[in-house]
Participant: 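Dumping the structure here so I can ask a few things about it.
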Amino acid sequence: MKNYSTQTLVLLILLVMFAVPALSQEKYLVYFSDKKGVDFDPIEYFDAKAIERRVKNGLPLDHISDYPVNPEYKESVATLIEESGFASRWFNFQVVKAFPYQIEMVEQLACVRKVEALKSRAIVAGYDKSNKTAMDKDKLIVAQTESMQGSLFEEADIRGKGVRVAVFDIGFNQVDKHGAFKHIRDDGRIIKTWDFIE
């Protein structure tokens, strides 16, 4: 009898080990096969400066990578999963939250090219006060510019004047109040902001 209960216990442990992951939701990237049947008006979509920049650099206004993700494809996936998230027109994917058995069904859709598990883990950055090196602003600017071969731009007389720069970041705390950003606010150089997450 003792042997039988040990086998049962081992079987139960194995069942739990394999069943629990199958019952947990994970995040995935669902890549779509194409953008057939999607309408796109570049004149309506792009800012006038973006159109000007593309024309100046000989870039097409009507490139397929700028077309949005096919809404019918997104809807096909949405009917099979728990939650839909951000979609990228440039990579032609959508972030979804689903159970593994749901992803198996998503992978069978004709409009789906591939599915990848979205693995991420947060790491808290450390700060060692004992190893702090003092560097004034001018030295910091020189060091950063040299690390990016800024002298090549200087030699070619490329100064960046009149160039619009997009900064993608998780956010600048108190950008509308903090003194570090005062000169940018005073000069009216924050043209637009957009919250991609929400």
Side-chain angles (χ1 to χ4, degrees), residues 3-42 44-47 50 59-60 62-128 131 147-148 165-176 178 181 190-198:
N3 231 357
Y4 179 77
S5 63
T6 303
Q7 287 175 342
T8 305
L9 184 60
V10 169
L11 205 63
L12 185 60
I13 290 170
L14 287 173
L15 182 65
V16 169
M17 282 174 53
F18 289 105
V20 169
L23 297 174
S24 64
Q25 293 180 28
E26 300 290 336
K27 284 189 178 179
Y28 298 88
L29 298 177
V30 177
Y31 289 86
F32 297 106
S33 55
D34 56 63
K35 294 186 178 182
K36 290 177 184 171
V38 177
D39 292 326
F40 176 68
D41 181 357
E44 184 182 302
Y45 177 75
F46 288 120
D47 182 86
L59 298 172
D62 197 24
H63 193 274
I64 192 68
S65 66
D66 294 314
Y67 281 55
V69 174
N70 187 317
E72 291 177 11
Y73 293 176
K74 287 168 41 177
E75 183 58 33
S76 295
V77 170
T79 61
L80 300 175
I81 53 122
E82 294 300 306
E83 187 180 326
S84 297
F86 170 77
S88 168
R89 66 177 61 222
W90 298 285
F91 294 106
N92 200 22
F93 71 59
Q94 180 165 31
V95 177
V96 301
K97 194 171 186 181
F99 293 104
Y101 76 90
Q102 293 171 321
I103 288 301
E104 288 176 14
M105 292 188 290
V106 168
E107 288 174 321
Q108 301 307 310
L109 294 172
C111 62
V112 172
R113 183 168 56 89
K114 69 176 181 176
V115 177
E116 290 179 357
L118 187 59
K119 300 289 182 191
S120 64
R121 60 191 175 105
I123 299 172
V124 178
Y127 177 68
D128 184 1
N131 195 24
S147 73
M148 295 182 285
V165 177
V167 178
F168 295 86
D169 198 276
I170 59 168
F172 294 92
N173 194 21
Q174 297 187 346
V175 71
D176 55 337
H178 197 280
F181 303 102
I190 299 175
I191 299 166
K192 291 181 181 177
T193 62
W194 182 261
D195 185 343
F196 285 95
I197 304 299
E198 298 298 329

Participant: Taking all non-hydrogen atoms of both residues into account, name the closest pair between Ser65 and Lys35 and its distance.
Facilitator: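 Looking at all heavy atoms of both residues, the shortest contact is O-NZ, 3.3 Å.
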Participant: Restricting to side chain to side chain donor-acceptor pair (under 3.5 Å), what partner residues turn up for His178, sequence neighbours left out?
Facilitator: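 With neighbours one apart ignored, the set is empty.
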Participant: Sequence neighbours left out, what passes side-chain contact (heavy atoms from CB on, under 4.5 Å) with Asp39? Give chain and number order.
Facilitator: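 Scan of Asp39 (side-chain contact (heavy atoms from CB on, under 4.5 Å), adjacent residues dropped) gives none.
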Participant: Just jot down the salt bridge (Lys or Arg N to Asp or Glu O under 4.0 Å) partners of Lys114, sequence neighbours excluded, or say none.
Facilitator: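 Salt bridge (Lys or Arg N to Asp or Glu O under 4.0 Å) list for Lys114, sorted by chain: Glu116.
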Participant: Which atoms form the tightest heavy-atom contact between Val69 and Ser88, and what is the distance?
Facilitator: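 Closest heavy-atom pair between Val69 and Ser88: CG2-O, 3.4 Å.
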Participant: Can you sort out the partners of Tyr73 under ring-ring contact (aromatic ring centres under 6.0 Å, His included), two or more places apart, ordered by chain and number?
Facilitator: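 In terms of ring-ring contact (aromatic ring centres under 6.0 Å, His included), with neighbours along the sequence ignored, Tyr73 is linked to Phe32.
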Participant: Does the side-chain hydrogen bond (donor to acceptor under 3.5 Å, both in side chains) test come out yes or no for Tyr67 and Asp62, once each step is laid out?
Facilitator: CA-CA 8 Å; Tyr67 281 55; Asp62 197 24; 2.8 Å; yes
Participant: Check side-chain contact (heavy atoms from CB on, under 4.5 Å) between Glu82 and all other residues, then give those that pass, not counting sequence neighbours.
Facilitator: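 With sequence neighbours excluded, Glu82 shows a side-chain contact (heavy atoms from CB on, under 4.5 Å) to Gln25, Phe99, Gln102, given in chain and number order.
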Participant: If you look only at distance, which donor and acceptor atoms sit under 3.5 Å apart when one is on a side chain in residues 105-113 and the other is two or more places apart or in another chain?
Facilitator:
none

Participant: Does Asn70 use its side chain to pair, donor to acceptor, with the backbone of Lys36 at less than 3.5 Å?
Facilitator: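 At least one qualifying donor-acceptor pair exists.
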Participant: List for me each residue that meets salt bridge (Lys or Arg N to Asp or Glu O under 4.0 Å) alongside Asp47, sequence neighbours excluded, and say none if there are none.
Facilitator: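 In terms of salt bridge (Lys or Arg N to Asp or Glu O under 4.0 Å), with neighbours along the sequence ignored, Asp47 is linked to Arg164, Lys192.
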Participant: Who are the side chain to side chain donor-acceptor pair (under 3.5 Å) partners of Asp41, not counting sequence neighbours?
Facilitator: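 Asp41 satisfies side chain to side chain donor-acceptor pair (under 3.5 Å) with no other residue.
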Participant: Just do the side-chain contact (heavy atoms from CB on, under 4.5 Å) check on Val95 and Leu118 with the steps written out, would you?
Facilitator: CA-CA 8 Å; Val95 177; Leu118 187 59; 4.1 Å; yes
Participant: Taking only residues two or more places apart in sequence or in another chain, which ones pass ring-ring contact (aromatic ring centres under 6.0 Å, His included) with Phe181?
Facilitator: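 By the ring-ring contact (aromatic ring centres under 6.0 Å, His included) rule, Phe181 matches Phe172.
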Participant: Please list, chain by chain and in numerical order, all residues satisfying side-chain contact (heavy atoms from CB on, under 4.5 Å) with Ile190, sequence neighbours excluded.
Facilitator: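 side-chain contact (heavy atoms from CB on, under 4.5 Å) check on Ile190 returns Val175, Ile184, Arg185, Thr193.
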Participant: Tell me, please, which residues at least two apart from Tyr45 pass side-chain contact (heavy atoms from CB on, under 4.5 Å).
Facilitator: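 Residues passing side-chain contact (heavy atoms from CB on, under 4.5 Å) with Tyr45: Phe40, Arg89, Trp90.
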Participant: Return the CD1 to CD1 distance between Ile81 and Ile103, rounded to the nearest 0.5 Å.
Facilitator: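 If we round to the nearest 0.5 Å, Ile81:CD1 and Ile103:CD1 are 7.0 Å apart.
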Participant: If the condition is side chain to side chain donor-acceptor pair (under 3.5 Å), which residues does Ser84 pass it with, not counting sequence neighbours?
Facilitator: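 Partners of Ser84 by the side chain to side chain donor-acceptor pair (under 3.5 Å) criterion come out as none, since no residue qualifies.
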Participant: Using a 4.5 Å cut-off on heavy atoms from C-beta on, say whether the side chain of Phe46 contacts that of Asp66.
Facilitator: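 The answer is yes, as the side chains (C-beta and beyond) meet within the 4.5 Å cut-off.
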Participant: Around atom NZ of Lys97, are there more than 12 heavy atoms of other residues, nucleotides or ligands at under 6.0 Å?
Facilitator: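 For Lys97, atom NZ is not crowded (no more than 12 foreign heavy atoms under 6.0 Å).
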